[in-house]
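Written below as structure tokens is the structure these notes are about.
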2 protein chains.
Amino acid sequence: MTLLDSIVMQGLGRHGALTAEEKTLLLDLELNPRRAAAGEVLWQESADVDLFCVVKEGWAYSYRNLGNGSMQILKVYLPGDIIGMRDFGFARRLAGVAMINDGVISPFTHQQLFELIGRSPALAASIIATVVRQQAMLTERLVYLGRYAAHERLAHFLYELYLRLKRIGAVTDNGFVMPLSQEQVGDALGLSAVHVSRTFSMLRDEGLVVRDRQHVVLPDPQALARLVEFNDTYIDETLSPAFHGFH
Amino acid sequence: MTLLDSIVMQGLGRHGALTAEEKTLLLDLELNPRRAAAGEVLWQESADVDLFCVVKEGWAYSYRNLGNGSMQILKVYLPGDIIGMRDFGFARRLAGVAMINDGVISPFTHQQLFELIGRSPALAASIIATVVRQQAMLTERLVYLGRYAAHERLAHFLYELYLRLKRIGAVTDNGFVMPLSQEQVGDALGLSAVHVSRTFSMLRDEGLVVRDRQHVVLPDPQALARLVEFNDTYIDETLSPAFHGFH
DNA sequence: CGGTTCGTTGAGACCGTTCAACCCCGGTGG
DNA sequence: CCACCGGGGTTGAACGGTCTCAACGAACCG
């Protein structure tokens, strides 16, 4: 999974094919791939902001460790996502990032990002669009934490993963691999691990989610989408026309 | 309260005074002020994105109306804030915005924003910094919704308002005016209005918050800050040095 | 085969919700 | 001036969703 694939798949490159220089700029971000082991902390909260990363293989998550001993997972990163944009413009990390399973990441520097932005307004727009979309996903999570019950939070979480995985071709027969432990799911949804287990059982009994170890199947994605009233405008978002005129 | 005052007060203008042109660009955003009545909806969710607004007087909030009949308030806007940046780059609003009390707002267009960004990299950096800071505030709220109890959520909410109001000079003797109803506070914190009332009583009994109608006093802000382990790096944030080198 | 991690299930406690009654206060109209 | 009304806030009681603690089971790994 290269960033180029990801960006094209996400439809950001559809407005006129990318130029050769733009493709080069994107590929330059992935010149230094390295393996990262499950559980590896890429950086801690409050660390200096130096690098961003493209996730090439594996999953990662950003998190905050709280004073009361618990953890809140802010976002799950999938292959093709850029990690660290949350801290763009800050001197220190607002959240830590760790790998969920074994994977491959490509770090690149602030400097490279500035260069890319300076050279290609189209790519700058794409980057900004991904940041904005991430903010929208965060907002959606906030809404669910504030106002929905456990089974709705979990259903929404799984359906969002399903959509994001589908667009990078990681879904077959409505099923996908979900390497998060139930403890981690709980940390993302503001629930205890025990209650995540019970909630999975509830969704299984209703025929909405079948899970076996790390494999999840959504037998009827539409039914799940109705349950959570999924608003997918923030995933298949349309950029403002004015924005494209900006180049 | 002009945007110029606000940005200077927020320290974004400290790196070299703004040029005359930059000041003009900022003031141009506020050429069309108008009154807005309490409860007035500035725009609804899914409406076309056309305008942004500077809040000159009064408070506003962005919100999402949910299928189960409840509402989630995403953010409270104070004088000097820019409303609508959440939707920058989108064709449609991700959230509605309404006035909390009577106030004055200055709408400006996408076009004006692009012009400002094109003419002054320094102001573009300031704008981006405010967007990033808003995302950080949203993240902080998410953490509290996910992992903290009612009294901690409320204490954190009040302390954040206290800090933001202090920097625009709206705090005297540790007190400020808080025009939100308890229903609205509940919609922001994911609590019922009834429990907001009980939680206010609890904080009062502990000597942390004194409230009389719309007037709130924090007798010991430091104690409150300790209670919520307030991390103010996202309010008094430091922009990355690399970012300033970008101009 | 023993240890470890992860997931399941049960029981009890707790926090927050819902429903309801009541109060306080400001506004309005007689 | 008073009667009435309505919105916001307070308080009580019962319900329910989620948490915690604990025991147990299943899969993986040395």
Side-chain angles (χ1 to χ4, degrees), chain A residues 37-39 59 61 66 68-73 98-102 144-158 177-206 209-216 227, chain B residues 37-39 59 61 66 68-73 98 100-102 144-158 177-206 209-216:
Chain A
W59 293 24
Y61 63 90
L66 310 182
N68 56 22
S70 59
M71 162 187 292
Q72 177 67 47
I73 291 181
M99 294 299 292
I100 293 169
N101 49 3
D102 294 338
Y144 270 80
L145 283 185
R147 287 300 188 197
Y148 284 95
H151 69 282
E152 296 164 309
R153 294 189 209 176
L154 181 55
H156 182 270
F157 184 72
L158 292 175
V177 174
M178 222 276 298
L180 287 160
S181 71
Q182 297 196 353
E183 177 89 39
Q184 290 168 324
V185 173
D187 287 338
L189 301 181
L191 299 170
S192 68
V194 172
H195 205 245
V196 170
S197 171
R198 289 191 224 275
T199 308
F200 262 119
S201 303
M202 188 181 314
L203 291 179
R204 165 174 41 74
D205 295 346
E206 293 174 6
V209 176
V210 180
R211 186 183 54 79
D212 177 40
R213 317 282 302 144
Q214 298 200 335
H215 201 74
V216 173
L227 171 63
Chain B
W59 294 24
Y61 63 90
L66 310 182
N68 56 22
S70 60
M71 162 186 293
Q72 177 67 48
I73 291 181
I100 292 169
N101 50 4
D102 293 339
Y144 270 80
L145 283 185
R147 288 302 188 195
Y148 284 96
H151 69 281
E152 296 164 308
R153 294 189 209 176
L154 181 56
H156 182 269
F157 183 72
L158 293 174
V177 174
M178 221 277 296
L180 289 161
S181 71
Q182 298 194 352
E183 178 89 40
Q184 290 168 324
V185 173
D187 286 338
L189 301 182
L191 298 169
S192 68
V194 172
H195 205 244
V196 170
S197 172
R198 288 190 226 274
T199 308
F200 262 119
S201 303
M202 190 182 311
L203 291 178
R204 165 175 41 74
D205 295 345
E206 292 174 6
V209 176
V210 180
R211 186 183 52 82
D212 177 38
R213 317 281 299 143
Q214 297 201 336
H215 202 75
V216 172

Looking at side-chain heavy atoms only, is the closest gap between A/Trp59 and A/Met178 below 4.5 Å?
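Contact flag for A/Trp59/A/Met178 side chains = yes.
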Is any side-chain heavy atom of B/Met202 closer than 4.5 Å to a side-chain heavy atom of B/Leu154?
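Counting from C-beta outward, B/Met202 and B/Leu154 never come under 4.5 Å.
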Protein-nucleotide distance ([X], atom [atom1]; [N], atom [atom2]), rounded to Å:
X: A/Leu189; N: D/dC19; atom1: CG; atom2: P; answer: 10 Å
X: A/Asn68; N: D/dC19; atom1: CG; atom2: C1'; answer: 13 Å
X: B/Tyr148; N: D/dC19; atom1: OH; atom2: P; answer: 16 Å
X: B/Met202; N: C/dG16; atom1: CE; atom2: P; answer: 7 Å
X: B/Leu145; N: C/dG16; atom1: CG; atom2: C1'; answer: 14 Å
X: A/Gln214; N: D/dC28; atom1: CD; atom2: C1'; answer: 12 Å
X: B/Asp212; N: C/dG26; atom1: CG; atom2: P; answer: 10 Å
X: A/Gln182; N: D/dA27; atom1: CD; atom2: P; answer: 14 Å

Counting any heavy atom closer than 4.0 Å, what does [X] reach on the DNA or RNA strands: base, sugar-phosphate only, or nothing?
X: B/Ser192; result: base
X: A/Gly186; result: nothing
X: A/Arg153; result: nothing
X: B/Val196; result: nothing
X: B/Ala149; result: sugar-phosphate
X: B/Ala193; result: nothing

Hey, which sits more toward the 5' end of DNA chain C by its nearest nucleotide, B/Leu191 or A/Arg213?
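Looking at the nearest nucleotide for each, A/Arg213 comes out on the 5' side.
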Among [options], the one nearest [X] by side-chain distance:
X: B/His195; options: D/dT18, D/dC21, C/dG16; value: C/dG16
X: A/Arg198; options: D/dT20, C/dG7, C/dT17; value: D/dT20
X: A/Ser197; options: D/dT18, C/dC19, C/dT8; value: C/dT8

Under 3.5 Å donor-acceptor, [X] side chain and [Y] backbone:
X: B/Ser201; Y: B/Ser197; value: yes
X: B/Arg153; Y: B/Leu189; value: yes
X: B/Gln72; Y: B/Ala188; value: yes

